[in-house]
Amino acid sequence: MIFIADSLDNAHKFQQVLSGLDVDVAAGSSAQFEKLLAQNPGYDLVVLEARGDAPSRVAQAERLLLEDASAALLVIADEDQLGSLRLPVRIRTDFVVHGAGAGECSVRICNLLWPGDESTACDLLAVDAMTINLATYQVTVAGDPLDLTYLEYALLAFLVTHPGRTYSRDALLRRVWGFDYYGGSRTVDVHVRRVRAKLGPDLAQHLETIRSVGYLWNA
């Protein structure tokens, strides 16, 4: 996750909150926001201190996060801003008031990161006859190991652990291939075809193509 704040009080409080969660954190000031997004393509949540000109900061965050189409946003706002605060509706968003306790902040972060529709709390994921072992990077179908390359496995595991969400090719390149990948986005199509072929017709039905948008895993 990415934490953006310009005040020391929020930086200190959220350092305490985040140290108790199993998350990797990249932190910086508002001036470093776009740079941090580019340097950390695997982020699932942005915590944004939006004090001051809150509407423009939230609008900027929405614009940037829509390019990824999967990450959530937690806004830290002053209480006197709440009357004019408009949260994005096209991305998962919540807010806390500046000065909220560490317990409340922790709960809101957890609800955005783990909303209850993902199965990543366990090392073993089961979909029909397929089992994915997230600890050993192994996939079996009806007990037989599936011969996947690392990127085929990474693509499959990412989609299965984010069910029901559509990802564009560019978003998948950032989330699976990583920041250093400079090839064309059509490589995603090639890997999807290979994964489908190896899964077989029954399981391949879960990996759906959303025309002109991207791909999703339909659980």
Side-chain angles (χ1 to χ4, degrees), residues 1-2 21-26 36-38 40-48 58-75 87-95 107-128 130-134 137 139 148 150-179 181 185-196 198-199 202-219:
M1 63 165 285
I2 295 174
L21 301 176
D22 184 20
V23 293
D24 294 322
V25 182
L36 284 172
L37 293 181
N40 299 275
Y43 67 93
D44 292 301
L45 173 67
V46 171
V47 177
L48 175 70
V58 172
Q60 177 199 26
E62 180 181 21
R63 173 178 58 81
L64 294 171
L65 268 62
L66 277 172
E67 296 177 5
D68 189 289
S70 63
L73 174 67
L74 179 66
V75 176
L87 297 179
V89 296
R90 292 179 290 176
I91 57 177
R92 291 182 298 115
T93 309
D94 200 353
F95 76 94
V107 168
R108 292 187 184 275
I109 288 172
C110 289
N111 284 341
L112 287 170
L113 282 175
W114 303 292
D117 61 352
E118 300 177 12
S119 304
T120 55
C122 178
D123 286 339
L124 296 178
L125 302 180
V127 179
D128 297 340
M130 178 180 68
T131 300
I132 300 178
N133 190 321
L134 298 175
Y137 309 104
V139 181
L148 298 173
Y150 172 75
L151 281 173
E152 290 167 356
Y153 164 81
L155 176 64
L156 176 63
F158 177 80
L159 289 171
V160 172
T161 56
H162 295 77
R165 303 182 192 177
T166 302
Y167 292 89
S168 68
R169 295 179 182 88
D170 288 339
L172 287 171
L173 283 175
R174 291 195 299 273
R175 303 296 292 274
V176 177
W177 274 255
F179 179 66
Y181 182 79
S185 61
R186 291 295 173 178
T187 192
V188 176
D189 299 335
V190 173
H191 281 75
V192 167
R193 286 198 297 270
R194 291 174 179 168
V195 169
R196 281 178 171 150
K198 293 180 179 182
L199 289 176
D202 292 337
L203 284 166
Q205 296 180 75
H206 291 283
L207 210 175
E208 296 187 15
T209 301
I210 307 302
R211 189 173 299 278
S212 301
V213 181
Y215 297 99
L216 71 81
W217 182 268
N218 188 345

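One-based numbering along the sequence shown.
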Over all heavy atoms of both residues, which pair between [X] and [Y] is shortest? Give the atoms and the distance, please.
| X | Y | answer |
| --- | --- | --- |
| Arg174 | Pro41 | O-CB, 3.1 Å |
| Leu155 | Val176 | N-CG1, 3.8 Å |
| Pro163 | Val160 | CD-O, 3.4 Å |
| Pro88 | Thr93 | O-OG1, 3.6 Å |
| Ala204 | Arg196 | CB-O, 3.8 Å |

For Arg90, does the CZ atom sit with more than 12 other heavy atoms under 6.0 Å from it, leaving out its own atoms? no
More than 12 non-hydrogen atoms from neighbouring residues, nucleotides or ligands closer than 6.0 Å to CG on Asp24, yes or no? no
Got a second to check how far [X]'s [atom1] is from [Y]'s [atom2], nearest 0.5 Å?
| X | Y | atom1 | atom2 | answer |
| --- | --- | --- | --- | --- |
| Ile210 | Tyr215 | CD1 | OH | 10.5 Å |
| Leu113 | Leu45 | CG | CG | 4.5 Å |
| Ile109 | Asp94 | CD1 | CG | 10.5 Å |
| Leu37 | Tyr43 | CG | OH | 4.5 Å |
| Leu172 | His162 | CG | NE2 | 10.5 Å |
| Ile91 | Leu65 | CD1 | CG | 4.5 Å |

Give me each pair satisfying salt bridge (charged side-chain N to carboxylate O under 4.0 Å, His left out) with a member in residues 208-219, each pair once, sequence neighbours excluded. none
Could you tell me how the ring of Trp217 sits relative to the ring of His206: parallel (under 30°), tilted (30 to 60°) or perpendicular (over 60°)? parallel
Would you check if [X] and [Y] make a side-chain contact, meaning some heavy-atom pair closer than 4.5 Å?
| X | Y | value |
| --- | --- | --- |
| Ile132 | Val127 | no |
| Gln205 | Asp202 | yes |
| Lys198 | Leu148 | yes |
| Met1 | Leu74 | no |
| Arg108 | Asn111 | no |

Could you go through Leu173 and Thr187, starting from their C-alpha distance and side-chain angles, then the distance that decides it, and tell me whether this counts as side-chain contact (heavy atoms from CB on, under 4.5 Å)? CA-CA 9 Å; Leu173 283 175; Thr187 192; 3.8 Å; yes
Tell me, please, which residues at least two apart from Asp189 pass salt bridge (Lys or Arg N to Asp or Glu O under 4.0 Å).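 For Asp189, the residues satisfying salt bridge (Lys or Arg N to Asp or Glu O under 4.0 Å) (neighbours in sequence not counted) are Arg169, Arg186.
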Intermediate values then yes/no, side-chain contact (heavy atoms from CB on, under 4.5 Å), Met130 and Leu156: CA-CA 11 Å; Met130 178 180 68; Leu156 176 63; 4.0 Å; yes
